[in-house]
Every structure is written in structure tokens, then in C-alpha cells.
Amino acid sequence: MTHRVDRASILSNRISRRALIRGSAAGAALFTAALAGTDVGAQTPAASPAAGNFDWMKYKGTKIRVMVPINPTNDVLKAHFDEFKSKTGMDIQYDELPENNERQKLTVEFTGGNSTVDVFYTSFFQEKRLFAKNAWYDDLTPYLNDPSMTAPDFAWDDFFAGAKNAGTVDGKLVGVPTNMDTNITYYRKDLFDQAGMKPPATMDELEAAAKHFHNPPQMYGFVARGQKNSNATQIDPYLRNFGGGYFDKDGKPDVDSAGDIKAVEFYADLLRKYGPPGVTNFSWPEASALMQQGRVALYTDGAGFAGPFEDPKKSKVVGKMGYGIFPAGPAGNFPPIFANGLAIYSQSKHKEAAWYFVQWATSKSILLATLKSGTSVGRTSAWDTPNVEQGSPLPKEWFDSTLQMLKIGVPGLPDVVNVAEARDIISVGVIDVINGQDATKVMQGVQQQFAALVAKEQGS
Amino acid sequence: MTLSTPSNASRPAAQVAGRGRPPRSAWLERQARWVFPAPAAITLLVLVVFPILYTVWMSFHSWTGQIQTPPQAIGLANYTQALLHDTRMWHAIWRMLIFGGLGIAFQTILGVGMALLFHREFPGKSVVRTIAILPMVTTPVVIALTWTLILNPTQGAIPYIFFKLGLPQVLWLADPKIVLLTLILVDTWEWTPLIMWITLAGLSALPNEPLEAARIDGASSWQIFWQIILPLLRPAIMVAVLLRGIDAIKTFDIIYAMTQGGPGNASETMNIYVFQQAFNYQQIGYASALLVIFFIIVLLLALVLIRLRRAPSWQP
Amino acid sequence: MATMTRRRVLRRSLLTLAFAIMLLPTLAFFYWLVLISLRSDLINSMYPPEFLPHGLTLDNYRTVIAQNSLIKDGFNSLVIAVGATVFGLLIGAPAAFSIARWRQQRFALGILVARIIPAVSYLIPWFVLFSRAHLIDTYTALILTNLVVCLPLITWILISFFEDLPPELIESARLDGCTVYGAFLRIALPLARPGMIAASIISLIFAWNNFLFPVVLSGSRTSTLPLAAFKLLNFASFSWGQLAATAVLITLPIVIISLVVQRYLVSGLTVGSIK
């Protein structure tokens with residue numbers, strides 16, 4: 001498994017990045033310039049933009065089929081379709097379905113063959129190795145390197161190195177990142193202000209604050225996901241911040257290290273002592289609902305879930321919310337990055353036209369609109385926009401904390417082919433610990449299953 | 001295809017033909033036992049045969065959907081893995097049987113009871129009957145989500161009522177020991193009307209003579225029910241049980257929408273597990289083997305139920 | 001005389017009690033569903049829950065109707081459900097008659113197999129078949145595939161009704177010069193009316209609510225109502241009120257159909273008593 005990014009390299013990469021940032025005037029522009037230097041993704045277009053004769057109207061009259069799950073990122077996209085149609089003269093068949101069903105439809109169409117899909121949305125952190133192994137992705141590098149195919153203002157170098165990496169498998173660019181989520185801490189600013197407390201910066205402070213505000217059933221101290229599969233993305237940063245992770249220094253599966261056990265124990269304890277009842281069935285909708293009702297003080301989850309808290313039609317905590325960084329643990333702070341993007345189906349009959357859609361959908365202006373809507377993105381220029389929070393439902397604090405987490409973030413979830421099964425294995429372990437089983441024993445069992453999964457993948 | 005018992009049908013057919021009807025019609029008359037079922041048989045063959053062949057073939061292969069490499073033949077490996085090593089599958093089968101068995105028992109008793117109750121004349125009969133079948137009419141995922149909301153431990157109506165009444169807190173969907181029962185109750189609520197509806201139709205078609213005769217003989221209503229109505233209804237009820245039973249162990253929507261098989265794997269039935277293997281893990285080959293195992297189990301259960309349907313019924 | 005009345009009163013109150021127990025969960029559920037659909041999500045998520053109807057509004061219905069193509073989707077659902085049911089009756093009733101009359105047990109089992117096969121195993125093969133035949137996103141594909149659900153239901157429900165028909169009835173018709181086909185049409189079908197009605201209602205409901213097949217086989221042209229409901233289940237626009245409003249709108253047509261058909265059931269009863 002040469003493709004796995006082992007922890008050591010992530011760490012060293014991270015430290016060097018951090019050093020660079022610290023050394024600089026901490027300006028966002030400098031930070032991104034530094035990141036651009038560590039690019040290991042697809043190559044930068046060699047030719048100067050002026051050399052190509054790029055024409056948006058080149059594929060006028062073509063109709064492409066786009067298949068996506070319904071989510072805020074794609075809703076922003078959909079809202080701009082008219083712009084694309086008048087800019088390119090192309091038409092779009094837009095198939096949107098809820099996440100689970102979209103995945104199902106995609107699998108059926110691609111395994112059945114004969115699919116007419118041209119562009120599809122893909123979660124790199126979840127499925128990129130599997131889809132690459134299945135040869136479902138088209139390699140985008142040739143388009144990117146062809147000045148007659150890529151708009152001069154597309155600016156691939158504008159993407160964070162982490163974003164470029166996320167869309168790259170074995171040196172091939174398989175997708176362009178749209179949204180890049182990371183974890184932050186949602187907290188009740190009004191209550192914290194009243195109590196004269198600051199948002200938690202460390203795990204100890206997190207626990208202390210959860211304890212302080214816990215007053216059930218009116219107010220719970222803390223909430224996070226407990227549901228199977230779903231909780232795996234949330235335990236992820238806890239594992240690393242307590243010194244654990246999925247692999248040891250040599251790249252061998254290791255989810256029962258002292259750090260992992262401690263992290264799961266901490267997470268489970270927090271939820272059991274200061275969380276709502278029935279948390280093992282909580283995914284983000286349940287947790288977010290509790291926050292919206294003003295019945296929980298702290299909540300760690302993806303930054304992309306902030307929008308509804310500031311929607312007066314749904315939320316009782318509009319203007320009362322704080323958006324802090326994810327708390328650091330004894331081993332440091334390694335928030336996860338979960339990147340998603342748009343890819344072209346390898347069997348598409350309109351690949352070039354599809355590329356036109358992809359580059360438009362990930363252009364500076366669309367991703368800026370995406371960021372303003374409250375979804376974290378991987379483009380420097382979006383984050384560098386002065387007063388980016390203007391016209392956004394979210395306050396400056398959200399933008400600051402999210403960017404700060406993105407800067408130090410590392411790829412979330414284990415880098416294996418079958419991430420879904422790995423998620424199930426880990427998440428069931430977390431649930432067992434929440435339900436009161438011994439963390440050491442549970443994680444040893446998890447380790448066994450996880451190692452077997454990795455061994456199976458390496459064997460095949 | 002047909003297990004034709006020499007019935008009295010062929011004799012009159014010959015007579016009719018002998019009466020000098022046009023030969024074409026006589027031929028049609030003789031072939032009636034083939035003509036009647038032919039359209040249904042052909043339609044189903046077209047729809048079903050290819051999926052069966054595909055699934056069985058795929059079950060002997062390993063494949064995640066690669067475009068460049070065709071499925072790899074691995075013999076019985078998927079089956080040995082599933083049957084010998086996959087404890088998760090065995091647990092899923094066990095839960096599926098509990099879910100189906102308990103669900104069917106509840107639904108049959110309640111459904112037949114409701115049918116008997118709603119069969120008699122009373123004012124507002126048609127409104128009451130319609131209300132009674134509402135659960136089965138509602139889109140399953142809406143049922144699942146609404147019950148989830150009602151049972152939600154932090155904001156749901158039922159936990160709040162329990163709290164107000166001083167009853168102990170029940171984690172309907174989060175307690176691994178209770179979750180399956182909760183799902184069975186929701187399934188029962190949703191599908192009891194199906195049994196009721198088929199039984200009601202059976203009741204309307206009941207011949208009057210045996211009932212009249214029994215009443216004249218002075219039988220009590222209890223005796224009439226057990227000794228006349230129930231045996232006469234038996235075929236209709238058994239069909240309802242058969243159809244519902246097959247569906248019950250295949251239940252997907254409400255389990256997936258309410259718990260996704262959780263917490264942990266506490267409510268993961270075979271159908272949910274197959275779905276995970278096929279669409280989340282994308283083990284198309286392995287999922288196909290699981291489907292074949294699943295299919296065989298359901299088929300065996302269906303055969304048992306069909307036997308029961310044909311068991312000797314009450315004879316006067 | 002007095003004991004008779006007392007027994008009758010007791011009986012009536014027992015009956016009422018039974019009614020209440022049977023209907024209470026259903027009434028409560030639908031009260032809640034309709035209530036949610038008529039309130040803002042702010043009220044819907046209150047704790048303690050608000051049990052009484054306050055602050056009712058039609059906003060959810062307005063939003064849902066404005067944002068979605070519910071009318072088009074509803075029409076599609078109707079065409080598919082009615083198409084599958086009518087087609088299912090046309091080919092299922094003769095099959096059931098044949099199975100009942102000539103005891104074609106193996107054929108009966110064969111039909112049931114279509115229902116026994118887990119739905120998941122149909123998806124990929126069907127996509128292969130229908131995409132080769134260029135039938136993706138057509139009524140034909142959706143009606144045909146729904147038959148896998150509807151046909152076994154219809155056939156099996158009707159088998160027991162045809163089995164219950166006294167064989168003498170058919171025989172006497174045939175002695176009067178009727179062909180088997182004539183006897184089926186003129187005698188057997190009318191007598192099995194309660195069964196036909198039950199079967200068609202059940203078939204309609206299953207086809208109406210079927211979600212899995214349209215996910216794979218429909219597109220923008222033939223998208224159905226349950227798909228529309230599912231589209232509300234997402235992060236961006238997740239709303240209890242709108243979901244409930246959609247649910248009410250989806251359920252309503254089937255309730256109306258059931259009510260209408262029930263009237264026929266009553267006439268089916270009278271037919272039954274003639275014999």
C-alpha cells in the first residue's frame with residue numbers, strides 16, 4: 001500500500017507549514033502562498049494563459065448530465081445554472097438525489113455500464129481509492145494542462161495544496177475540490193459570555209465547560225454524533241489529538257494505541273455524562289436540532305453545518321452562536337479535512353464539455369459564493385476576499401476559526417480503499433464504549449477487524 | 001410448469017368441442033389452462049430471469065465495479081466466507097427472523113381482530129375503515145421519520161408524556177435491547193391494515209349458508225367464529241400472512257430511515273446488511289452471495305407457509 | 001329483558017373501547033403529522049412539545065408546492081400506479097383463476113418468487129436491460145418493474161377468492177354453452193369482486209409508494225412523488241413542516257381512492273349475497 005499517506009509525513013508537512021505561517025506575518029495571503037509551494041498534486045499548467053485560445057462557447061449545444069447528492073454546495077451551484085447556460089450555450093440534465101440514494105444510483109449505473117452520466121459529485125475522503133480502482137474517474141490532468149481547454153482565470157494554483165492532494169490519486173487528478181469541510185466547536189456565545197468563560201481551546205476546557213453548562217433536561221453540556229458510521233468522522237480528530245490515529249509509524253494498522261483508547265474513552269464519557277439521552281442514534285440532524293432549540297451548550301462537528309443555526313425560521317439561537325476552533329488535545333491539534341469535488345466519468349461521451357462544467361463549477365466566483373453561503377472551500381482567493389463575511393449569514397468568527405482549522409488540518413479518516421467499512425468498524429466500537437463497555441477491550445476488537453480489512457485490501 | 005391434477009375441467013371442454021364448435025375455439029378451450037396464465041408468466045419471466053441469473057453468476061465472483069477488469073471468478077469463496085466466518089451475517093439473519101416472526105404474529109392477531117370488528121354494521125363504518133388503513137397508505141419513509149420525531153428522547157411527545165407520568169425513561173431507538181422491538185411495533189402499526197383488508201374482503205365473500213345453518217342449530221357466536229368463520233377464512237388469512245411475511249423479513253425503509261441498522265448493529269437485518277455490502281462497501285460479488293442466501297431463506301419460509309395454507313381445513 | 005339491555009350496553013362499550021385502542025395510535029399519529037405540517041419548524045421543535053394547534057399556517061404547503069413539481073410528479077405517480085395495477089389485474093386475474101381451477105401450485109410459487117427476490121438484486125440487471133432498450137426514464141419501464149411487486153400481490157389475493165367459488169357455478173355455466181373464457185368473464189370475475197377490489201387497492205398503494213425502482217429507473221421526466229418527499233430529506237432544506245406537508249399531499253390521493261373504492265366494496269357485498 002504505497003499510496004497511503006503515513007502519519008509521519010503528514011506531521012512533518014504540517015509542522016513545516018505551521019513554521020512557515022508562524023514565521024510570516026500570519027497573513028492569509030502568505031499562508032496560501034506557502035501552501036502553494038508544497039503542491040504535490042497535478043502539475044501546474046505550463047503554458048502562459050495568453051497562449052491558449054480558450055472559448056467558453058466551444059461546446060455550444062451539448063447537453064451534459066450531472067449527478068449530485070443534494071447538499072448546500074450543490075444548491076449554490078444549481079442557483080447559478082442560468083449563468084453557465086448563457087456563458088457556454090450548453091444545457092444541463094441535473095439529477096439530484098438525497099445522499100444515500102445518489103450513491104446507490106451511481107453504483108447501479110456505473111456497475112451496470114451504459115451510464116449517461118458525464119459529471120458526478122464525489123467524496124474524496126470516502127471513496128476516491130475505490131472509485132479510482134474501479135477506473136470510474138477520468139484523468140483531468142490533460143485538460144488542466146491544455147490552455148485551449150482551461151480558462152485562463154481558472155488558476156489551479158489558487159487551490160490549497162491540501163485540496164489538490166485530496167483530488168489526486170496516484171499522481172492523477174481525478175476531481176476538482178468544491179467544498180472542504182473541517183471540524184470546529186459550536187458553542188453558545190451568550191451563555192459563555194454570561195459565565196465569563198472563553199470557548200474551549202483544549203480538551204480539558206471542553207470537558208470543564210460541558211460540565212459547567214450541563215443541566216438536563218433543559219440544557220445539555222455537550223453533543224456530538226453517536227450514530228453508527230456517522231460518528232467515525234467525528235471521533236477522527238479526537239483520536240489524533242490524544243496521540244492516536246489509524247496507523248503507526250510504519251504504516252501498520254493501529255487503532256488500539258494508548259492515545260486511541262484514551263480518545264474514545266474521553267468522547268464516550270463526555271457524551272454519557274454531559275450528552276443527551278439516546279445519543280447513539282444521533283447524527284448531525286439530531287445534534288443540530290438540539291443546538292437549534294437552544295438545548296445544548298457545546299457541539300463539535302463539521303464547519304459546514306453552521307447555516308441553519310442562523311436561520312430565524314428554524315433556530316432559536318440566531319445571533320447567540322459562537323464558532324470556535326476544534327479543541328487541542330495532549331498531542332496537539334489535528335483537525336480533519338474532508339474534501340469533496342466534481343469528477344468526470346471515465347466512460348462519458350462528452351468529456352470535454354464535462355470539463356467545461358467542472359471548471360466553471362469550481363471557478364473563483366462560484367466557490368466564493370459557496371464560501372459565503374457557509375460552506376468551507378479550498379480556494380485561496382475565496383478566503384482572501386476582503387470582508388468575506390459580508391453578505392453571509394455567518395459571522396466573522398466562523399470564517400476565522402474555519403480557516404484556522406483548514407490551515408492545520410490533515411486528511412480525515414483512514415486512507416484505505418473501503419473507507420465505508422472502516423467507518424462502520426470504528427463507529428460500532430465508539431458506540432460500544434458509549435454504552436459502557438471497556439474502551440481497551442473494545443478498541444482491541446476494533447483493531448482486529450480494522451487490521452483484517454487492511455490485510456484483505458493489501459492481499460488483493 | 002403446471003402440476004396439473006386431472007380435474008373435471010377437461011371433460012366438459014371435450015364435450016363442448018364435441019358439440020360442433022369451430023375448431024379454433026375448441027383448441028383454445030383445450031389449451032385454456034395454458035392460455036390463462038401465459039401473459040403473467042411471460043411478463044415475469046422477462047423481468048425476473050435475467051436478474052436471477054445475474055445475481056447467481058455474480059455470487060461466484062469478486063468485483064467492486066471495475067470497468068477495466070471483469071469480475072474475478074472465485075468459486076465458492078463468497079459462500080464459505082459468509083456461512084463460516086461472517087458472524088455479522090448470522091446476527092442479521094437472526095434479527096430478520098425475529099423481526100418477521102414477531103411482527104407477523106402481532107399483525108395477524110390484530111388484523112383479523114380488526115377485520116371482525118369492522119365487518120359488522122355500525123354508523124361511520126366507511127370512515128373508520130379508512131382511518132384504519134391510513135398507516136399502510138402512508139409513504140414508509142414518512143412513517144419512519146415521524147415516529148422517530150415522536151420517539152426522540154430530547155424533544156419527542158412520547159418520552160415527554162412518559163416523563164410527565166413519572167414513568168421510567170425508555171430509549172426506544174437508542175437502547176440496543178429495545179430497538180428491534182420498537183421497529184417491530186412500528187411495522188405492526190404500519191402493516192396490520194393489510195391483513196385486516198384482505199381478511200375483510202374474505203369476510204365479504206363468505207357464503208351465508210353455513211353461518212345460517214349454524215345459527216339455526218343454536219351455535220354461540222364464539223363457536224361460529226372458531227368452527228365456521230375462521231376455517232372458511234383460513235385461505236384468505238394465510239395469503240395475507242404469506243404476502244406480509246415475505247415483506248416483513250425484507251423490510252428496509254423503516255429500519256433504514258429510523259436507525260440505519262443501529263445503534264451499532266443492534267437492528268441490522270439481512271436486507272440492511274446486504275445494502276451496506278452492495279452500496280456502501282461496493283462488494284458486488286459478496287453482496288450477490290448474501291442475496292442468494294437471503295433468497296433461499298425467504299423461499300423456504302414461503303414454502304412452509306404455503307404448506308400451512310393447504311393444510312386440511314375444517315370440514316362439516 | 002333488563003339483563004339483555006345491560007349485556008347490550010356492556011357489549012357496545014367493549015366495542016367502543018376496542019375501536020379506541022385500535023384507532024388511537026393511528027389517530028394520534030396523523031393528528032401529529034397534520035399538526036406538524038401546519039406549523040413552523042420553530043414550534044415543531046419546542047420542548048416541552050406543543051400538543052395543541054396554535055399558530056397554524058399554510059406556509060409549508062405553499063413552499064412545498066412552489067418549490068417542487070408536485071403536480072407533475074403526482075401525475076407520474078398516478079400513471080405508474082394505475083398502469084401497474086390495471087395491467088396487473090389484466091394478466092393477474094386470469095392467472096389466479098387458472099391456478100385456482102387447475103391447481104397449478106408450481107406456477108403459483110413461480111409468481112411468488114418475483115416477490116421473494118430481494119429488491120436490491122433487481123437494480124443492476126434492470127438498469128442493464130432497460131438502458132440497452134432505451135427505456136430509462138419511461139412509464140413503460142416503471143410500470144413493468146412495478147409489476148414485480150403488484151402482480152404477485154394481485155394474483156395471490158385472487159387465488160383464494162377463485163378457490164372459494166363453488167365449482168358447480170362454473171360447470172353449470174358451461175353446460176349452458178359458455179366457454180371457459182365466458183365463464184371466467186361472466187361468472188368468476190363478478191363473484192370475486194371483493195377480492196379484486198382489495199387486490200387493486202393494495203396494489204395501488206404498493207406501486208404508489210414504491211421508491212427503490214424510480215431511484216434507478218426514472219429521471220426528470222418520470223420522477224414520482226415519493227422521490228419528491230425524499231428530496232426534502234437533506235441538510236440544506238431539512239424541515240419537519242415541509243416534510244409533513246409533502247407527506248399529507250402524497251397520502252391524500254390514496255385516501256380518496258380508498259374511500260371511493262370502498263363504496264364499490266359495499267356493492268361487491270350485495271353481489272356476494274345473491275348466490
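Here is how names work: the chains are called A, B, and so on, in the same order as the sequence lines, proteins then strands, and each is numbered from 1. Computed from heavy atoms alone, side chains included, the values below leave out hydrogens, waters and symmetry copies.
Remark: Y31(C) OH is packed, more than 12 non-hydrogen atoms of other residues, nucleotides or ligands lying under 6.0 Å away. Counting non-hydrogen atoms of other residues, nucleotides and ligands closer than 6.0 Å to CD1 of I71(C) gives a total of 12 or fewer.
For residues 114-139 of chain C, the interface with chain A (any heavy-atom pair closer than 4.5 Å) comprises L123(C), I124(C), F127(C), V128(C), S131(C), R132(C), sorted by residue number. Chain C is approached within less than 4.5 Å, heavy atom to heavy atom, by no residue from residues 221-233 of chain A.
Contacts of L212(C) with chain A are made by side-chain atoms alone, with heavy-atom separations under 4.5 Å and no backbone atom involved. With a threshold of 4.5 angstrom between heavy atoms, P312(A) approaches chain C through N, CA, C or O but not through any side-chain atom. Proximity to chain C (any heavy atom under 4.5 Å) is shown, for T73(A), by neither the backbone nor the side chain.
For the options Q292(A), K313(A), E109(A), heavy-atom pairs under 4.5 Å to chain C are most numerous at E109(A).
Across all their heavy atoms, K105(A) and V215(C) have their closest contact at NZ-O, 2.9 Å.
Note: K316(A) NZ to D41(C) CG = 11.0 Å, rounded to the nearest 0.5 Å.
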